[in-house]
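Note that these values count all heavy atoms, side chains included, but never hydrogens, waters or copies made by symmetry.
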Amino acid sequence: MSRLVCVADYEEFAEKSLPKSVLGYFNSGAFYEQTYADNVAAFRRYKFRPKYMVDVSERQTSTTVLGQKVDSPIGVCPMGMCRLAHPDGEIGLAKACEAEGLCFTLSMSASASVEEVGQAAPDSTRWFQVHMLRDRQMMQRMITRAERAGFTALALTVDCPVHAVRYREEWNQFSTPSHLIPSMFEDELKRMRSVSSTGKSSKDWCGFVNAAFSPAHTWQDIQWLKSISPLPVVAKGVMTGTDAVTALNHGADAIWVSNHGGRELDCLPATMDALGEVCEAVKGQAEVYLDGGVRSGLDVLKALARGARAVFCGRPTLWGLAHNGQQGAQHLLKILKEELDVGMALAGVTDIQRVPRDLVVHQSFYSKY
């Protein structure tokens, strides 16, 4: 573990060790992958304007998300079929987050169930990500299971009515192993007795899950979610101020700025570029989160300065998982936390909940001089 000292080291390890088709599944973007690449590049366009000669001998790094205390404003994004990276999969990620005091989000298409994650990481802060399904009764059963398993929020994906095309060769060679079919869907179909556990091939399962998503979703669905569950709803996939306000007006409890890691609509702005508009529109009425392109604790600090309450990390945690399961993921999260803490000290920030908005500026600021 001592040889892997930053996110780039873990990425290099994953690129060398994971099968090409699996790496293509995790690392591919939609269409021509412009958004996928720009998510990472965008962070480099923002520069720190630190406050020096500040007493930073004591620093506060803990915060809250939806009222729940976390040790750091770093979380893990929902990602499907994490057991492709390592057998520990989502359970390993949840346990790593529990150990580090961070928020974990479980995908509806995960290779582990809400019950498995809840039992393995009972003290974790954990949210359940949902898509609107054609079968509302199935969806309601999944949400009820998540509630009983101790999940404390629903992250509703709003940006994926259909799935994008992807041109990367490795993606098109990928086929879901039969033992890694989405657990929640398999459980529900077994319960309904409409298909046996071996009644579908891996490709059939992927097709079934994709077909289960409803392209007819609307903002009114947030109200439906709140009518069937007491859990707060986070609108995940918001990229404009207008949509942020609309989501709040329909009952969303928080806004998650995300472009799906560049995996759905291409040619979107990077999330770091969209964050300012969304925060300005929200006007402090709700917490705003961000994911997309996060590769260091300094990226986290930049997003916090732009108005994010918390920042969620996706692919890098899979690279950590690929190295050594839960231990690898936990070590990567420790790196992000340490980079954030050191970055705070060097920038003159003593409280993670009070990062000044003028701590970062877009690089175009300097073209005036």
Would you call [X] and [Y] a side-chain contact if the rule is heavy atoms closer than 4.5 Å?
X: M139; Y: V130; answer: yes
X: V288; Y: V257; answer: yes
X: E147; Y: S229; answer: yes
X: M239; Y: P269; answer: yes
X: S28; Y: R263; answer: yes
X: N27; Y: L318; answer: no
X: L156; Y: I222; answer: yes
X: E15; Y: L23; answer: yes

Is the [X] ring parallel, tilted or perpendicular to the [Y] ring (thresholds 30°, 60°)?
X: H131; Y: H163; result: tilted
X: F128; Y: F151; result: perpendicular
X: F312; Y: Y289; result: perpendicular
X: H323; Y: Y10; result: perpendicular

Should [X] and [Y] count as an ion pair when the cut-off is N to O under 4.0 Å?
X: R59; Y: D341; value: yes
X: K51; Y: D358; value: yes
X: D273; Y: R45; value: yes

Determine the minimum heavy-atom distance between [X] and [Y], stating which atoms define it.
X: A329; Y: L93; answer: CB-CD2, 3.7 Å
X: C103; Y: V70; answer: N-CG1, 4.1 Å
X: A310; Y: L304; answer: N-CD2, 4.2 Å
X: I255; Y: V282; answer: CG1-CG2, 4.2 Å
X: G261; Y: R315; answer: O-NH2, 3.1 Å
X: T242; Y: E277; answer: N-OE2, 4.5 Å

Under a single-linkage definition using a 4.5 Å side-chain heavy-atom cutoff for Ile, Leu, Val, Met, Phe, Trp and Tyr, are [X] and [Y] assigned to the same hydrophobic cluster?
X: W319; Y: V294; result: yes
X: I335; Y: L321; result: yes
X: V349; Y: L298; result: yes
X: V158; Y: L231; result: yes
X: F13; Y: L333; result: no

Got more than 12 heavy atoms from elsewhere within 6.0 Å of [atom1], [X]?
X: K334; atom1: NZ; value: no
X: Q137; atom1: CD; value: no
X: R148; atom1: CZ; value: no
X: Q363; atom1: CD; value: yes
X: Q353; atom1: CD; value: yes
X: Y32; atom1: OH; value: no
X: Y366; atom1: OH; value: yes

> If you round to the nearest 0.5 Å, how far is CE of M108 from CG of L133?
Replying inline: 4.5 Å
> If you round to the nearest 0.5 Å, how far is OG of S113 from CZ of F185?
Replying inline: 13.5 Å
> Can R83 and I91 be said to form a side-chain contact (heavy atoms from CB on, under 4.5 Å), step by step?
Replying inline: CA-CA 9 Å; R83 283 178 176 154; I91 291 175; 3.6 Å; yes
> Are the side chain of H250 and the backbone of T246 linked by a donor-acceptor contact shorter than 3.5 Å?
Replying inline: yes
> Would Q129 and T157 count as having a side-chain donor-acceptor pair, cut-off 3.5 Å?
Replying inline: yes
> With distance as the sole criterion, is a donor-acceptor pair present between the side chains of S258 and D291 under 3.5 Å?
Replying inline: yes
> Looking at V300, N39, V40, L336, which one forms a side chain to side chain contact (heavy atoms under 4.5 Å, CB included) with R295?
Replying inline: V40
>> L106 and side chain to side chain contact (heavy atoms under 4.5 Å, CB included): which single residue from M79, M184, E90 fits?
In response: E90
> What's the verdict on side-chain contact (heavy atoms from CB on, under 4.5 Å) for L301 and V360, showing C-alpha distance, side-chain angles and the deciding distance?
Replying inline: CA-CA 9 Å; L301 184 58; V360 296; over 6 Å; no
